[in-house]
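Each ligand, and each atom within it, is numbered from 1 in the order the structure gives.
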Amino acid sequence: MLKAQNVTKTFKKSGGNAFRLQIDELEISEGSFTAILGPNGSGKSTFLKTILNLLFADTGQISLLGTSHKNKESRSKVSYLPENFSFPKNLTVEQMLHTFANLKDNNPDDLDAKIAELAEAFNVDYLDKKIKKLSKGMTQTVALMHTFLSDDKFYILDEPFNGLDAVQKKAIMDYIFHLQAEHKISILITTHILSDIDKTCDTLHLIKDGEIINTASKTEIQGEFGSVEDYYLNNFEHKTETTP
Ligand SMILES: Nc1ncnc2c1ncn2[C@@H]1O[C@H](COP(=O)(O)OP(=O)(O)OP(=O)(O)O)[C@@H](O)[C@H]1O
């Protein structure tokens, strides 16, 4: 589904490098649920944007669905939820979904039926509300509707649970499980809400200062640390040296 090798991306500032992403090797197989976890500013969004060629890598190879990520065809089969997005404020939710769906090549045959299916799955009873009148969680839910509108094989979700309450988070997770079971989709996610992925992720990568510092399977984490949160804290918590 995804293979990244020797990928680097450097942001420069006057007098030196501000930030350098360096992913030596990362692979995601079909049907898997993978998370990239790390502190603020560690490079998660930068890596996701580089995968999608929204940011150009300085070096390295990225293959998406078997071909280079520079190939528009391979990117067109990937749905991406960015961390920050904005939709036209004066459109209703339904108008926005129609407008944006029409921009994508692999539109479902029956868009209205797909919108109705997602609205039911995501508890959305405000299709006729204008975007500008939505709360934060409602806006995030609508962005997720937009992401899942197209029938893709690979979904890249940057902080999908931002602002969602527990019921909404479960609704989204349940929908993802349904897609995985029925269509063998793959998911790559970043999140700071570790409890949400405790039971769901197959593989977790920890990123720090632009580099993957640890990779583990859910089974390994459960066996060694008990929970994703403990695994995360074990790798990132500042440990103070105590002198005897
Ligand atoms: N377009 C840009 N130009 C210059 N520096 C950037 C740019 N985008 C991101 N950075 C810097 O790259 C680093 C990594 O940012 P990135 O957004 O990838 O982090 P993140 O892990 O997604 O963080 P968060 O968890 O806060 O969303 C940060 O130091 C950030 O300031």
Side-chain angles (χ1 to χ4, degrees), residues 2-28 33-62 64 69-70 75 78-87 136-137 139-144 146-147 154-165 168-169 172-173 176 186-198 200-201 203-216 221 227-238:
L2 170 78
K3 193 168 185 177
Q5 283 177 302
N6 305 317
V7 174
T8 64
K9 172 75 191 172
T10 302
F11 295 122
K12 296 194 184 300
K13 63 177 179 188
S14 54
N17 290 341
F19 177 81
R20 180 177 160 88
L21 177 80
Q22 175 155 357
I23 306 293
D24 295 336
E25 181 119 32
L26 192 144
E27 207 164 330
I28 292 179
F33 194 136
T34 304
I36 300 183
L37 309 176
N40 294 128
S42 54
K44 301 179 294 297
S45 299
T46 302
F47 181 46
L48 299 191
K49 287 179 200 160
T50 309
I51 292 172
L52 292 156
N53 217 29
L54 298 169
L55 282 173
F56 297 147
D58 300 328
T59 65
Q61 291 84 42
I62 299 176
L64 255 185
H69 72 143
K70 292 187 179 143
R75 292 202 308 275
V78 180
S79 257
Y80 168 55
L81 173 75
E83 186 179 15
N84 300 306
F85 49 80
S86 101
F87 297 121
K136 182 175 166 53
T139 310
Q140 183 72 16
T141 302
V142 165
L144 281 153
H146 168 249
T147 307
F154 190 19
Y155 293 85
I156 297 183
L157 312 175
D158 200 348
E159 297 280 351
F161 306 116
N162 237 337
L164 297 187
D165 68 42
Q168 281 308 95
K169 278 188 278 190
I172 307 301
M173 278 299 196
I176 291 175
S186 310
I187 298 274
L188 173 60
I189 192 175
T190 75
T191 180
H192 291 291
I193 311 172
L194 305 180
S195 55
D196 289 338
I197 52 163
D198 228 335
T200 55
C201 272
T203 309
L204 293 101
H205 301 279
L206 300 183
I207 186 168
K208 184 181 178 192
D209 299 331
E211 293 186 40
I212 303 290
I213 57 159
N214 205 321
T215 296
I221 292 167
S227 69
V228 171
E229 187 159 7
D230 286 342
Y231 169 61
Y232 186 93
L233 290 174
N234 191 276
N235 277 275
F236 288 112
E237 206 171 29
H238 299 294

Please enumerate all residues that pass side-chain contact (heavy atoms from CB on, under 4.5 Å) together with Asn6, with sequence neighbours excluded.
none
Crowding at NZ, Lys208 (>12 non-hydrogen neighbours, <6.0 Å)
no
Near ligand 1, which protein residues have a heavy atom under 4.0 Å away?
Phe11, Phe19, Pro39, Asn40, Gly41, Ser42, Gly43, Lys44, Ser45, Thr46, Glu83, His192
Could you tell me whether the side chain of Lys44 and the main chain of Gly38 form a donor-acceptor pair under 3.5 Å?
yes
His146 meets the ring pair (Phe, Tyr, Trp, His ring centres under 6.0 Å) criterion, sequence neighbours left out, with Phe87, Phe100
Can I get a per-line list of side-chain donor-acceptor pairs under 3.5 Å for residues 156-164, giving both atom names and the distance, sequence neighbours left out?
{"unit_1": "Asp158", "atom_1": "OD1", "unit_2": "Thr190", "atom_2": "OG1", "d": "2.6"}
{"unit_1": "Asp158", "atom_1": "OD2", "unit_2": "Ser45", "atom_2": "OG", "d": "2.7"}
{"unit_1": "Glu159", "atom_1": "OE2", "unit_2": "His192", "atom_2": "NE2", "d": "3.1"}

Regarding Gln22 and Thr8, do their side chains bring together a donor and an acceptor under 3.5 Å, going by distance alone?
no
